[in-house]
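Model, not experiment: these values are computed from the prediction. Here is how names work: the chains are called A, B, and so on, in the same order as the sequence lines, proteins then strands, and each is numbered from 1.
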Amino acid sequence: MEPINIIQSRTVLMPAKDIDTDQIIPARFLTTTTKEGLGDVVFNDLRRDASGNDIDTFVLNQPQSAGCRILVGGNNFGCGSSREHAPWALLDYGFQAVISSEIADIFKSNSLKNGLLPIVIDADTHADLLSNPGVSVTIDLEAQSIAIEDGKTVKFPIDSFARYCLLNGVDQLGYVRQQSAAIDAFEENRTWTP
Amino acid sequence: MRVAILSWAVFILNTQLFKSQLNKGIVLNNSKTLFQKLWDDHIVVPETADTPAVLYIDLHIIHEVTTPQAFALLQQQGLAVRRPDLTLATMDHSTPTTPVVTFKDLEVVGKAAANQVRQMEKNCADFGIELLGFGSQQRGIVHVIGPELGATQPGKTIVCGDSHTSTHGAFGALAFGIGTTEVGHVLATQCVLQRKPRTFEVNVTGALGNGVTAKDLVLGIIGQVGIDAGTGHVIEYRGEAISALGMDSRMTVCNMSIEAGARAGIVAPDDTTYEYLHGRQRSPSGADWDKALTRWRKLRSDEGAVFDKSVTVAADKLQPMVTFGTNPGMVVGVNEAVPDNTADPSFKKALDYMQIEAGKPMTENAVDVVFIGSCTNSRLSDLQEAADVVKGRTVADGVRMLVVPGSQQIKKDAEAIGLDRIFTEAGAEWREAGCSMCIGMNGDTVGKGQLSVSTSNRNFEGRQGLGARTVLASPMTAAASAIAGKVADPRRYLQD
Ligand code: SF4
């Protein structure tokens with residue numbers, strides 16, 4: 001994985017609450033056995049009509065969204081199914097960060113493992129972003145801050161371990177595998193066996 | 001890779017220093033929640049400010065949809081599966097619910113799905129994992145077969161690349177859904193990295209009325225607390241109404257914990273649990289059973305244990321519940337009018353999608369499809385409840401009713417007591433086990449714009465098919481709706 005530190009981009013807004021992972025990538029696209037190419041079907045059923053034509057009113061189909069790397073979603077973004085295809089699809093499409101006032105647990109955990117930054121900010125800043133379509137935002141992972149163009153800079157929380165991994169571009173499996181002596185000892189010393 | 005290993009070594013050194021500082025500050029509290037007991041019993045390396053806990057996993061359930069990329073990772077890194085014996089594999093999501101005898105039968109779902117199923121067979125063979133595949137009478141939905149085989153047991157940690165893994169918490173296990181990267185971690189190391197979640201007590205008082213089931217209870221809970229109330233928490237369901245539930249019903253409740261945002265839901269094990277498990281294929285037997293019982297009986301929240309938050313729900317106030325919107329928290333009693341919150345744009349958008357009007361009772365909505373199935377409600381007692389409503393009646397004209405048992409074993413058991421004939425004689429379709437119309441990956445879908453009353457767990461836009469409108473309900477309510485041709489209160493079909 002590439003190290004991540006600064007992400008600077010204009011934002012795309014999807015203000016609806018509770019955008020679930022079925023909307024991010026509908027189930028019929030989950031028959032894949034790889035991670036590649038899923039960007040093509042991200043938000044498919046919001047993006048295209050039943051005959052596959054683009055729906056002009058959908059935000060990602062509008063010219064000002066081109067090249068935007070930061071998605072600002074409504075509260076409780078990424079709820080529902082645990083499919084990791086959701087962050088894979090967002091990343092493959094070109095997003096590098098998702099900002100919301102609340103992000104669902106499994107989606108957050110999956111995103112952190114793939115280098116998509118899930119950023120939770122306070123409701124006021126969230127409302128500011130939602131009322132300023134296309135504003136430029138700079139995310140500084142090291143400093144755990146987001147700076148809004150001509151506006152304020154706020155801090156965001158992020159799991160310290162995930163942050164370390166992302167800043168250094170290392171994958172978490174390496175860390176778990178280094179604990180193998182502790183895992184062996186745990187298996188040997190248990191008072192019962194599953 | 002060398003850089004990565006070097007940086008891990010430095011990092012581990014730093015956190016060791018930190019840990020030794022932390023240990024000095026520990027204060028012991030003797031009253032523990034059930035969750036805390038389960039957590040403590042599986043810590044391989046404790047959590048620090050800088051590192052999550054390394055948590056040991058006792059049972060890893062895998063299926064074809066969320067594992068191919070994890071197996072690919074193991075292959076790339078030349079890793080083996082650490083504990084194939086603690087890995088339970090089946091196929092359920094992209095599988096047909098018509099019989100599969102040859103490869104051609106698989107392709108009814110589509111080439112990609114057939115390829116995914118074959119990949120699963122190959123991965124299991126390559127990595128030495130027993131697969132309960134098409135030839136097996138034990139195949140079924142991941143969250144149905146774990147308990148059915150007795151592999152799901154009190155005190156275990158259980159994970160699966162599937163958010164409804166919370167189902168297994170009904171047995172007093174700590175069970176939660178994980179992503180595919182984590183599936184890879186568990187395959188390779190039998191561990192996951194976890195931050196300790198907070199605890200959430202849901203205390204259910206009173207008793208459920210006639211015609212009101214565990215599904216109505218859990219929909220009522222989600223409606224009361226909201227769909228994000230459980231974020232970051234593990235729910236423990238307690239109280240007299242929970243103790244009174246059978247295991248199938250407890251599974252229904254725990255199954256939908258994720259729909260309240262919680263990764264896990266647990267019920268303390270009791271005699272109902274032990275009775276269910278006794279004699280099952282993978283349950284302990286003989287002297288091991290007695291030992292297990294002694295251990296299991298300690299698995300309850302101690303008197304005075306403190307939860308991070310609590311809520312009380314009155315079971316006797318509930319009636320059969322149905323959803324009217326596009327998330328499981330948008331729920332009303334079946335005879336109630338849909339609330340009017342249309343000033344909220346998300347609420348309005350949901351009602352527009354559902355083509356349901358605020359202020360009108362749900363029973364006015366005509367039904368196109370009824371689905372009885374899914375890991376929420378596809379067990380024998382669910383099918384029995386639906387059959388009790390359907391028996392001697394016919395499915396209304398123009399309604400398609402699909403009944404899909406949760407496992408091949410349930411299918412067999414239901415056929416042995418004649419439930420299949422009750423359904424088929426009424427005009428319903430009786431299928432092979434699988435996820436089917438819950439997720440619509442296998443070609444069993446609800447048509448665009450059609451209204452489906454479904455016993456599954458998610459009414460998200462498009463969940464059951466592009467443009468499908470889903471109303472979540474209990475098996476009895478779904479069955480009653482099939483007969484009436486409209487969303488219906490099942491109590492009108494029940495004998496006293
Ligand atoms: S039945 Fe539905 S919710 Fe359950 S595991 Fe299958 S797809 Fe997921």
Side-chain angles (χ1 to χ4, degrees), chain A residues 15-18 20-23 26-28 30-35 45-46 50 74-76 79-85 87-88 102-107 109-110 113-114 159-162 164 168-180 182-183 185-187 190-194, chain B residues 4-5 7-8 11-12 44-45 49-52 54 56 58-59 65-66 68-69 72 86 94 110 112-113 115-116 119 156 161-163 177-182 184-185 188-191 193 195 227-228 231-232 261 263 291 295 327 345-346 349 439-441 448 458 460-463 466-467:
Chain A
K17 286 190 291 195
D18 310 315
D20 54 71
T21 53
D22 272 86
Q23 288 183 59
R28 62 184 185 281
L30 305 187
T31 48
T32 175
T33 54
T34 67
K35 303 177 184 179
D45 295 349
L46 302 174
N75 193 61
N76 196 28
C79 60
S81 156
S82 59
R83 59 190 73 165
E84 200 160 316
H85 309 70
W88 293 337
E102 182 171 25
I103 298 180
D105 283 340
I106 308 182
F107 176 80
S109 156
N110 285 339
K113 290 186 175 62
N114 288 280
D159 178 65
S160 51
F161 179 75
Y164 173 88
N168 293 283
V170 292
D171 115 50
Q172 300 188 8
L173 179 58
Y175 175 76
V176 196
R177 290 187 58 218
Q178 291 221 340
Q179 312 297 327
S180 64
I183 303 171
F186 179 88
E187 284 179 339
R190 293 189 84 163
T191 53
W192 63 282
T193 47
Chain B
I5 287 182
S7 54
W8 279 129
F11 183 75
I12 290 169
V44 174
V45 181
D50 284 335
T51 48
V54 178
Y56 196 82
D58 297 325
L59 175 63
V65 179
T66 57
Q69 298 85 352
L86 301 183
S94 45
N115 174 49
Q116 194 172 58
Q119 188 69 47
K156 281 192 180 181
D162 193 287
S163 60
I178 56 176
T180 297
T181 300
E182 290 171 310
H185 293 182
T189 69
Q190 205 56 32
C191 291
L193 295 172
R195 288 287 177 189
I227 60 167
D228 57 355
T231 304
R263 291 190 63 183
K291 267 195 240 156
R295 183 164 53 81
N327 72 54
S346 294
K349 180 170 165 276
I439 190 166
M441 278 187 75
K448 191 161 192 283
R458 287 188 173 137
F460 298 154
E461 282 184 27
R463 169 80 179 185
L466 185 62

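- Here the side chains of A:Asn110 and B:Ile178 are not in contact, with every heavy-atom distance at 4.5 Å or above.
- For B:Val44, the parts lying under 4.5 angstrom from a heavy atom of chain A are both the backbone and the side chain.
- Atoms CG and OG1, from A:Asn76 and B:Thr231 in turn, are 5.5 Å apart once rounded to the nearest 0.5 Å.
- Residues B:Lys349 and A:Lys17 are not in side-chain contact: their nearest non-hydrogen atoms beyond the backbone lie 4.5 Å or more apart.
- Proximity to chain A involves both the backbone and the side chain of B:Arg463, based on heavy atoms less than 4.5 angstrom apart.
- The two residues B:Ala188 and A:Leu173 come nearest to each other via the heavy atoms CB-CD1, 4.3 Å.
- Contact detail for A:Leu30 and B:Gln116: the closest heavy-atom pair is O-NE2, 2.8 Å.
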Would you check, one step at a time, whether the test side chain to side chain contact (heavy atoms under 4.5 Å, CB included) holds for B:Glu182 with A:Val176? CA-CA 11 Å; B:Glu182 290 171 310; A:Val176 196; over 6 Å; no
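- Summarising the geometry of B:Gln69 relative to A:Thr33, their closest heavy-atom pair is NE2-C, 3.6 Å, with the distance given to 0.1 Å.
- Here the closest non-hydrogen pair linking A:Ser160 and B:Arg195 is OG-NH2, 3.4 Å.
- In this structure, chain B has a heavy atom under 4.5 Å from the backbone of A:Ile103, while its side chain stays farther away.
- Between B:Ile227 and A:Asp18 the shortest side-chain heavy-atom distance falls below 4.5 Å.
- Taking B:Thr66, B:Asn327, B:Val65 one by one and counting their heavy-atom pairs under 4.5 Å with chain A, the maximum is reached by B:Val65.
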Would A:Lys113 and B:His185 count as a side chain to side chain contact (heavy atoms under 4.5 Å, CB included) if you check the C-alpha gap in whole Å, the side-chain angles of each, and the deciding distance to 0.1 Å? CA-CA 11 Å; A:Lys113 290 186 175 62; B:His185 293 182; 4.1 Å; yes
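- B:Glu461 is not listed as a side-chain neighbour of A:Asp45, based on a closest heavy-atom distance of 4.5 Å or more.
- Taking the side chain as every heavy atom from C-beta outward, B:Asn115 and A:Thr31 never approach each other to under 4.5 Å.
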Walk me through it: do A:Arg83 and B:Ser163 pass the test side chain to side chain contact (heavy atoms under 4.5 Å, CB included)? CA-CA 8 Å; A:Arg83 59 190 73 165; B:Ser163 60; over 6 Å; no
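- Here the shortest heavy-atom pairing between A:Arg177 and B:Thr189 reads CG-CG2, 3.9 Å.
- Interface remark: of the candidates B:Ser346, B:Pro345, B:Gly184, B:Ser346 forms the most heavy-atom pairs closer than 4.5 Å to chain A.
- Taking 4.0 Å as the cut-off between side-chain N and carboxylate O, A:Asp105 and B:Arg263 do not count as a salt-bridged pair.
- For the pair B:Thr51/A:Tyr164, no side-chain contact is recorded, criterion being any heavy-atom separation below 4.5 Å from C-beta on.
- The side-chain heavy atoms of B:Lys156 and A:Trp192, taken from C-beta on, include a pair separated by under 4.5 Å.
- Of all the heavy atoms in B:Asp50 and A:Phe161, the pair that sits closest is O-CB, 3.2 Å.
- Residue B:Lys448 touches chain A through its side chain alone, counting heavy-atom pairs closer than 4.5 Å.
- Residue contact with chain B, scored on non-hydrogen atoms closer than 4.5 Å, involves the backbone and the side chain of A:Ser81 alike.
- Here A:Arg190 contributes atom CZ and B:Tyr56 contributes atom OH; the two are 6.5 Å apart, rounded to the nearest 0.5 Å.
- In this structure, the side chains of A:Arg28 and B:Met441 stay at 4.5 Å or more apart for every pair of heavy atoms.
- In summary, the side chains of B:Thr181 and A:Glu84 do present a donor paired with an acceptor at a separation below 3.5 Å, with no hydrogens or angles considered.
- Your options are A:Gly80, A:Cys79, A:Ser109, and the one with the most heavy-atom pairs under 4.5 Å with chain B is A:Gly80.
- Only the side chain of B:Leu193 has a heavy atom closer than 4.5 Å to any heavy atom of chain A.
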